[in-house]
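By convention in this document, chain letters (A, B, ...) are assigned in the order of the sequence lines, proteins followed by strands, and residues within each chain are numbered from 1.
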Protein chains: 2
Amino acid sequence: MLAVVLRITEPVPSVLLWQRARDPHRGRWALPGGRLGPDEDVEASVRRHLAEKVDLAEVAHVEQLGVFSDPHRGPPPRRIATAFLGLVPTDADPTVPDDTAWHRVDRLPETAFDHGAITRDGLDRLRAKLSYTNIGFALAPDAFTVSELRDLYAAALGHRVSATNLQRVLTRRGVLVPTGETAAPGPAGGRPAAVFRFSEHGLRVTDPFAALRPPGEPAAETHPAPTRPGS
Amino acid sequence: MLAVVLRITEPVPSVLLWQRARDPHRGRWALPGGRLGPDEDVEASVRRHLAEKVDLAEVAHVEQLGVFSDPHRGPPPRRIATAFLGLVPTDADPTVPDDTAWHRVDRLPETAFDHGAITRDGLDRLRAKLSYTNIGFALAPDAFTVSELRDLYAAALGHRVSATNLQRVLTRRGVLVPTGETAAPGPAGGRPAAVFRFSEHGLRVTDPFAALRPPGEPAAETHPAPTRPGS
DNA sequence: TCAAAAGTGTTGCGCCTACACCCATGA
DNA sequence: TCATGGGTGTAGGCGCAACACTTTTGA
């Protein structure tokens, strides 16, 4: 059980790592994790081990990444790891143990075993899901402006993102809802920004693939239909 | 290690199952698989175990599905299974051992443990990937007409598919190439159909998601650009 | 000449990008 | 009033679904 726990720290995401105090790979940085217990499934196990490093309430989403089982992925004894992706919103700044720290994914220290490659797999998964799911709910604070959200997406994806189009894509999909409030402008002035929230806090596919859908269905209903037409 | 090996048998896909001769769950049907060996990774292991049931050369694609680890997914001792999806083209009709048979996924017999649920996961994965990858190469024979391919897709997806649009989608993506040959018409006559092949026999994402791409890139290059403009 | 099956032309729609333009604030 | 940042309007393009129409065969 290993977890790639990511949190967006602009301009680049960071991953939670702890420094090994013992051989093998003493001094190198490793992903949090541990052994599977006798009466838990892998999801419960990874949550239990994560609780030693961060406040679990701050981990907004967890999902399986895959199994890493190359017999030579580390020194003997042979270990098989089921890797997970965990996401922490930016407004939670967990206190972590002394041996544990956030590391920018573009400046990873020397990692233990194959944990560098697993981290890259986790980041790839996050980037893919940002495009076709509402997974941003697990990165963003409870309420935010579109500019703030754009910066989060840009940091996660590694390229610039247009606030204009981000807002339209996410509202069209029913992912974002306005709170009705506005944020105070910065010291340089400017129009106050509208404040939004994610409409749901569970993972949902918002962009089902266009091709090869069943005939006669115009497009999947990606968000609840309005109760009254015109309301 | 367990494998959901699927093969399209119109009008519905079938999955490879073997009948348990011993308790627990004697007489029920189970997915092929077995224990991980000391010096192999899970991919190698699932291939090794599959070789006991089918000719491995006929399994055109294998990928990880996920880990199933509910402590109560079966009677003690507790077992953790890494599940895989395997695909066999229709032109390969493997001979299988006496205890082993193909079963239509809409008429599964009583399955052992949670193997029914795992089978459904495998089918869901196949259906999703048919929409945005070239995974059809692992279902179709080496050469085929568009009508034959449409029937394969329709069986796999569980709904009707338009041959017209299937051809256009797959050729636009560079997935299908014409061999230049034509198939003989049926006894009722009709225009002879052009014969196609999949351009590649490795998995490739052909429909990267439209939203939130880097700015300035019109659309991902999904197939090799023509060597000379206009040719 | 007709039925059957394959393949192409064309229209319409939805989603996305890009960019021009308008709005609301602090100085 | 101007600079600054937020938000909307709109045009263009692309991919896909649907369906009419043409092509090529056997009887």
Side-chain angles (χ1 to χ4, degrees), chain A residues 130-132 144-151 153-154 157 159-176 178-196 205-223, chain B residues 130-132 144-151 153-154 157 159-176 178-196 205-223:
Chain A
L130 280 173
S131 279
Y132 70 95
F144 46 83
T145 67
V146 172
S147 302
E148 290 162 358
L149 191 65
R150 168 190 24 99
D151 293 340
Y153 272 70
L157 291 170
H159 61 75
R160 276 179 307 152
V161 173
S162 148
T164 297
N165 294 329
L166 182 66
Q167 181 182 20
R168 272 203 272 244
V169 166
L170 296 184
T171 53
R172 183 177 31 239
R173 294 177 177 178
V175 169
L176 245 45
T179 64
E181 308 189 357
T182 57
R191 174 172 169 175
V195 175
F196 289 84
V205 173
T206 57
D207 183 26
F209 317 107
L212 308 180
R213 253 200 282 266
E217 299 186 9
E221 195 71 39
T222 56
H223 56 273
Chain B
L130 279 172
S131 278
Y132 69 94
F144 47 83
T145 68
V146 172
S147 302
E148 290 162 357
L149 191 65
R150 165 182 39 86
D151 293 340
Y153 271 70
L157 291 171
H159 61 76
R160 276 178 309 152
V161 172
S162 147
T164 297
N165 293 329
L166 182 66
Q167 181 181 22
R168 272 202 272 244
V169 166
L170 295 184
T171 52
R172 182 175 33 238
R173 295 178 177 178
V175 168
L176 245 45
T179 64
E181 308 190 356
T182 58
R191 175 172 171 174
V195 175
F196 289 83
V205 173
T206 57
D207 182 27
F209 317 107
L212 308 179
R213 252 200 283 267
E217 299 186 8
E221 195 71 40
T222 56
H223 55 276

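Residues B:Phe196 and B:Thr179 approach most closely at C-CG2, 4.0 Å, considering heavy atoms. The nearest pair of heavy atoms linking A:Thr145 to A:Ala193 is CG2-CB, 3.6 Å. Residue B:Thr182 comes nearest to B:Pro192 through the heavy atom pair CB-CB, 4.1 Å, listed as atom of the first residue, atom of the second, then distance.
Distance from the side chain of A:Pro185 is smallest to C:dG26 among C:dG9, C:dG26, D:dG7. The side chain of A:Asn165 has C:dT17 as its nearest neighbour among C:dT25, C:dG9, C:dT17. Distances were taken from every side-chain heavy atom of B:Ser147 (C-beta onward) to each of C:dA6, C:dT8, D:dG6; the shortest belongs to C:dA6. Comparing C:dA24, C:dA18, D:dC19 by their nearest atom to the side chain of A:Pro192 picks out C:dA24. Listed candidates were C:dA18, D:dG6, D:dC19. Nearest to the side chain of A:Arg168 is C:dA18. Candidate nucleotides D:dG6, D:dG15, C:dT8 were compared by shortest atom distance to the side chain of A:Arg150, and D:dG6 ranks first.
Between the P atom of D:dG6 and the CG atom of A:Leu166 lies a distance of 13 Å, rounded to the nearest Å. Protein atom OH of B:Tyr153 is 13 Å distant from nucleotide atom P of D:dA17, rounded to whole Å. Between A:Gln167 atom CD and D:dG6 atom P the separation is 11 Å, expressed in whole Å. Distance, B:Glu181 CD to C:dA6 C1': 17 Å, rounded to whole Å. For the pair B:Arg172 CZ and D:dC16 C1', the interatomic distance rounds to 6 Å; values are reported in whole Å. Note: CZ (B:Phe144) to P (C:dA6) measures 14 Å, nearest angstrom. Atoms CZ (B:Arg160) and P (D:dA17) sit 14 Å apart, rounded to a whole Å.
Atom OG1 of residue A:Thr164 and atom CZ of residue A:Arg150 lie 9.0 Å apart, to the nearest 0.5 angstrom. For the atom pair A:Asp151 CG and A:Leu166 CG, the distance stands at 10.0 Å (nearest 0.5 Å).
Remark: B:Arg191 is not in phosphate contact with C:dA3, judged by side-chain N or O atoms under 4.0 Å from OP1 or OP2.
Using a 4.0 Å heavy-atom distance criterion, B:Ala163 is classed as making no nucleic acid contact. Using a 4.0 Å heavy-atom criterion, one finds that B:Ala184 contacts no nucleic acid atom at all.
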